[in-house]
2 protein chains.
Amino acid sequence: MTLYLERGFEETTVAEIAELAGLTERTFFRHFSDKREVLFAGAGALQELMVSAVRAAPASLSPFDVVARAVVAAGDAMGPGQERALLRQRVIDANDDLKERELIKLAALGRALAHALIERGVDDPVASLAAEAGIAVFRVAFERWVRGPADADLSDVIDSSIATLSVITQAREPGKRQDHG
Amino acid sequence: MTLYLERGFEETTVAEIAELAGLTERTFFRHFSDKREVLFAGAGALQELMVSAVRAAPASLSPFDVVARAVVAAGDAMGPGQERALLRQRVIDANDDLKERELIKLAALGRALAHALIERGVDDPVASLAAEAGIAVFRVAFERWVRGPADADLSDVIDSSIATLSVITQAREPGKRQDHG
DNA sequence: TACACTGATGACAGTTAATGACATCAACGT
DNA sequence: ACGTTGATGTCATTAACTGTCATCAGTGTA
């Protein structure tokens, strides 16, 4: 993180990272599958947290409510570390390769959530859509939170984004099917 | 595409591609910024198509309906080339690096759609969420279409997915805010 | 014809991410 | 003392990219 912030991601070589850490390149690649993965090592924990939240949700909730609860749980867990998350995000935003890696982590998270929903008995198109919608909310809310005031609560932004999405998708022409021919 | 299908993406070197095309490596990298980009050169056209659809939509439509129309327009354009799209998708699905690139193209598409909505006067959180939801629908529907029967119409799958998402996000506990303590 | 300019390509060297193979060394139990 | 195991170092190699200069075809102009 120190080197990435100082001189950027591309300009930092693995040799430099290894030297600063007192290791060799080879050891670096034993710990991280590639140069980007250093910044995403903790993504697995977040995914497990959200999947657990899905599993722990009451059976009475609708699929989307279950996902919403998982997203809020993730927001709570990320509460105190706003500064660290912000630095990390700054590094990621400055580099396209890192953005790609972030996106695939989110996609994996979406699949995991969908899978957890299916295990609860939700049908597949519904499960995937609810999960993807949840990821979309998470992404948008996170960005609003990072760019917003320093004392804002991520959970509040998430709540608000969930409500907004709900309103948006309701405001449709009732029963009218899109024509396409 | 020939080499990627024969031996996979990782196992195909740029030198081999260049040789088959009767060019040098250097020339390959002058046409494509990196090895993956060969498969995504046409993504820009699709994005322009969808942005145009957003701009051309009647002012009376809700933001989500506008996005839905753009997604359907993309589905129509992709109608005849199912076989080619399927081969391409098979190559992409078999490799994580290519999945990453695909995701960032979709993310760029999402931002472009959100921007087009904002130009129509839609507020920012609403625009981003509508766009992201549209992308989610597109992704889920496209996957269902690719894996589904060969004679299926992508536009129909998209229509159905849009309707499903609409239903999902409506089926919430009315007015109840998620607790997170 | 001669000349200048431009754009695309080739030729070549160099950097760096990433991987495989083997050696070393400390910790641990028997 | 001995073998095992896990983490690390060392060395060699592949292949993605990049910088730089040379070449060459096409085009306009005197």
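By convention in this document, chain letters (A, B, ...) are assigned in the order of the sequence lines, proteins followed by strands, and residues within each chain are numbered from 1. These numbers come from the heavy atoms of this one structure, side chains and all, not from hydrogens, waters or symmetry mates.
One finds no salt bridge joining Glu102(A) and Arg139(A) here, because no Lys/Arg side-chain nitrogen approaches an Asp/Glu carboxylate oxygen to under 4.0 Å.
Annotation for Lys35(A) and Thr12(A): closest pair NZ-O, 2.8 Å, computed over non-hydrogen atoms.
If you check dA11(C), dG9(D), dA16(D) against the side chain of Leu23(A), the one that comes closest is dG9(D).
Regarding Leu98(A), its CG atom lies at a distance of 14 Å from the C1' atom of dA17(C), rounded to whole Å. One interatomic measurement links the two molecules: CG of Asn95(B) to P of dA16(D), which rounds to 12 Å at whole-angstrom precision. Regarding Glu16(B), its CD atom lies at a distance of 13 Å from the C1' atom of dA16(D), rounded to whole Å.
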Q: Go through the steps to decide whether Phe28(B) and Leu23(B) satisfy the test side-chain contact (heavy atoms from CB on, under 4.5 Å), and finish with yes or no.
A: CA-CA 7 Å; Phe28(B) 175 93; Leu23(B) 299 170; 5.9 Å; no
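Taking the nucleotide of DNA chain C with the nearest heavy atom to each of Ala15(A) and Thr24(B), the more 5' of the two is matched to Thr24(B).
Residues Val157(A) and Val146(A) share a single hydrophobic cluster, defined by chaining ILVMFWY side chains whose heavy atoms lie under 4.5 Å apart.
Note on ring orientation: taking the six-membered ring where Trp is involved, the planes of Phe142(A) and Trp145(A) are tilted (angle from 30° to 60°).
Partners of Phe29(B) under the ring pair (Phe, Tyr, Trp, His ring centres under 6.0 Å) rule, at least two apart in sequence or in another chain, do not exist in this structure.
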Any protein N or O atoms within reach of nucleotides 4-6 of chain D? Criterion: under 3.5 Å, listing atom names and distances.
none

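Using modelled atom types and a 3.5 Å distance limit, the side chains of Asp156(A) and Ser160(A) yield no donor-acceptor pair. Side-chain contact annotation: Thr164(B) with Ser161(B), donor-acceptor N/O pair under 3.5 Å absent.
The stretch residues 25-44 of chain A comes close to DNA chain D through Arg26(A), Thr27(A), Arg30(A), His31(A), each having a heavy atom under 4.0 Å from the strand.
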